[in-house]
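Each ligand, and each atom within it, is numbered from 1 in the order the structure gives. One-based numbering along the sequence shown. Source: prediction; values computed, not measured.
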Amino acid sequence: MSHEEHFLSPQLLSESDSFILFYSSQILVRDEEVLWNLEQIRDHLDDSTDLILLQQDADTAVIAVSLQQDISVALHAKLNSLRSLLFFSDQEKFLLAGRASQLVDWYKNHRFCGTCGTRTIHHGSERTLVCDHCSLHFFPRISPCVIMLVTKGDQMLLAQSSRFKSNFYSCLAGFIEIGETPEQTVHREVKEEVNLQVKNVRYISSQSWPFPSQLMLGFLAEYDSGEIVPEPSEIADARWFDIDSLPNVPSEKISVAGKLIGTFIDEVGKR
Ligand SMILES: [Zn+2]
């Protein structure tokens, strides 16, 4: 059965639907499986359960469920963080759960109008929450970010974050500010974080990154001028690395940072 609305009530669910379950910002998982069927969860749903349509095709729909109580024991499941799903063998499940998690958070955070405080209501046909009093529409929101690998000849600049203590090195990154193009953000962030000027900023690829609700736009940028001076509140260490002596870096499979590093290594190899 196909669903007409984006916000559902338990009476509208069908046997062919699949469900991703959230309790207290964590996901119920059993043996790397994140999808549940109606039979398994029916007894735990009531009219106060938030049900948001995630995706739908001809045969089946996937629905994000925000539970009011922890039913993990009843389902022989574990409560996992979204981040732990990054390392599942099936990346599709991580992407699906990431989308679900962002919608559940958005829904939870927009119950009331930010202007007048009136309780929001569901839009009939769109995935939108509405304040009837102000005629305001609240759409799910993403925060665009840039992530960039700065390169110099056959070397790349990798940095250690001062916020996460680890021996991990990665690309520089930052949020796009209002009024900026992504390329302008690349120039600004590289200058702020390591005090370098870059040129030939080139878009490579993107990734949805649900920690929380970010869209990462990945670039390569060539070194132009300056000496590395890390901004200490953000960068613990930053330096040039040869492609054949890299530190611990993100995997190409799970992150756009890994993909940027892989792209550059390929390009150097073909020179
Ligand atoms: Zn309002």
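One finds an angle of 120° at the Zn ion (ligand 1) between SG on C134 and SG on C113, to the nearest 10 degrees. Rounding to the nearest 10°, we obtain 100° for the angle at the Zn ion (ligand 1) between C116 SG and C131 SG.
Pairing each heavy atom of C113 with each of T120, the nearest pair is N-CG2, 3.8 Å.
Relative orientation of the W106 and H110 rings is tilted, given thresholds of 30° and 60° on the angle between their planes.
No donor-acceptor distance shorter than 3.5 angstrom exists from the side chain of D31 to the backbone of E33, with no hydrogens or angles considered.
Coordination check, H133 versus the Zn ion (ligand 1): failed, since every N/O/S atom of the residue sits at 2.8 Å or beyond.
In the model, S233 has a side-chain atom that pairs as donor or acceptor with a side-chain atom of E231 under 3.5 Å.
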